[in-house]
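A short write-up of the structure that comes next.
Everything quoted here is computed from the prediction, not taken from an experiment.
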Amino acid sequence: MKYFVLIWSKGGRPDDGTWLYFGPLEGPWSRVPTALLDDPTVSPEALAAAVQPWADLPPIGGSAMDAEGTLYFTNLKENNLYRRDSSGQISKVMSDPRLHWADAPALAPDGRLWIPVAQLDRLPQFHQGHSLINQPFLLVSIDLPTTPQQARH
């Protein structure tokens, strides 16, 4: 079974609703104009032809997109937070073993990124009934770097 991640952007800017970004857990991601999704006269074939490749991303736990089109996402395999800027450049924002299976990041109005650390892969149903969860559960909050160079430090 494939799982899809959706980001609804709000016109020409990523946050104005022009595009719907989507992809399976293991990538790649695509985008489609939202106007076609609301138009009952658009055939399934025309809708499929309008889907555009957008990004080849690793398995992600969650993502959030800012008004400039920067996508912040967590990499489930590496305990990292990455950013993909509007030009397609991907850079690491931070790496921390406590970000294990971090999921559903959210951008706050003050510019901070909030990241709940779910540890879903450590639930008992994945380990013969034994929980491997590390408590306490974490809710990480970080000030985002404004440039990729700041992200590396």
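A cation-pi arrangement is absent between R84 and W29, since the terminal nitrogen or guanidinium carbon is not both under 6.0 Å from the aromatic centre and inside a 45° cone about the axis.
Taking the salt bridge (Lys or Arg N to Asp or Glu O under 4.0 Å) definition, one finds that D96 meets it with R98, sequence neighbours left out.
The only option from I115, I142, L113 that meets the side-chain contact (heavy atoms from CB on, under 4.5 Å) definition with Y72 turns out to be L113.
The shortest distance between side-chain heavy atoms of L81 and V140 does not fall below 4.5 Å.
Rounding to the nearest 0.5 angstrom, the gap separating the OG atom in S30 from the OH atom in Y21 is 11.5 Å. Here the NE2-CG distance, from H100 to L120, works out to 9.0 Å after rounding to the nearest 0.5 Å. Separating the OG1 atom in T74 from the CE atom in M94 is a distance of 11.5 Å, to the nearest 0.5 Å. If you take CD on Q119 and CG on L99, they are separated by 11.0 Å, rounding to the nearest 0.5 Å. Note that CD1 of I133 and CG of D121 are 8.0 Å apart. Values are rounded to the nearest 0.5 Å.
Minimum interatomic distance between S63 and F73 (heavy atoms only, all atoms of both residues): CB-CB, 4.1 Å.
Cluster annotation: W101 is not connected to L132 through the hydrophobic network of ILVMFWY side chains, with a link wherever side-chain heavy atoms come within less than 4.5 Å.
In the model, N80 has a side-chain atom that pairs as donor or acceptor with a side-chain atom of S95 under 3.5 Å. Side chains of R83 and T70: no donor on one and acceptor on the other come within 3.5 Å.
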- When you look at L20 and L37, which way does the side chain to side chain contact (heavy atoms under 4.5 Å, CB included) test go after all the steps? CA-CA 9 Å; L20 175 69; L37 300 174; 3.7 Å; yes
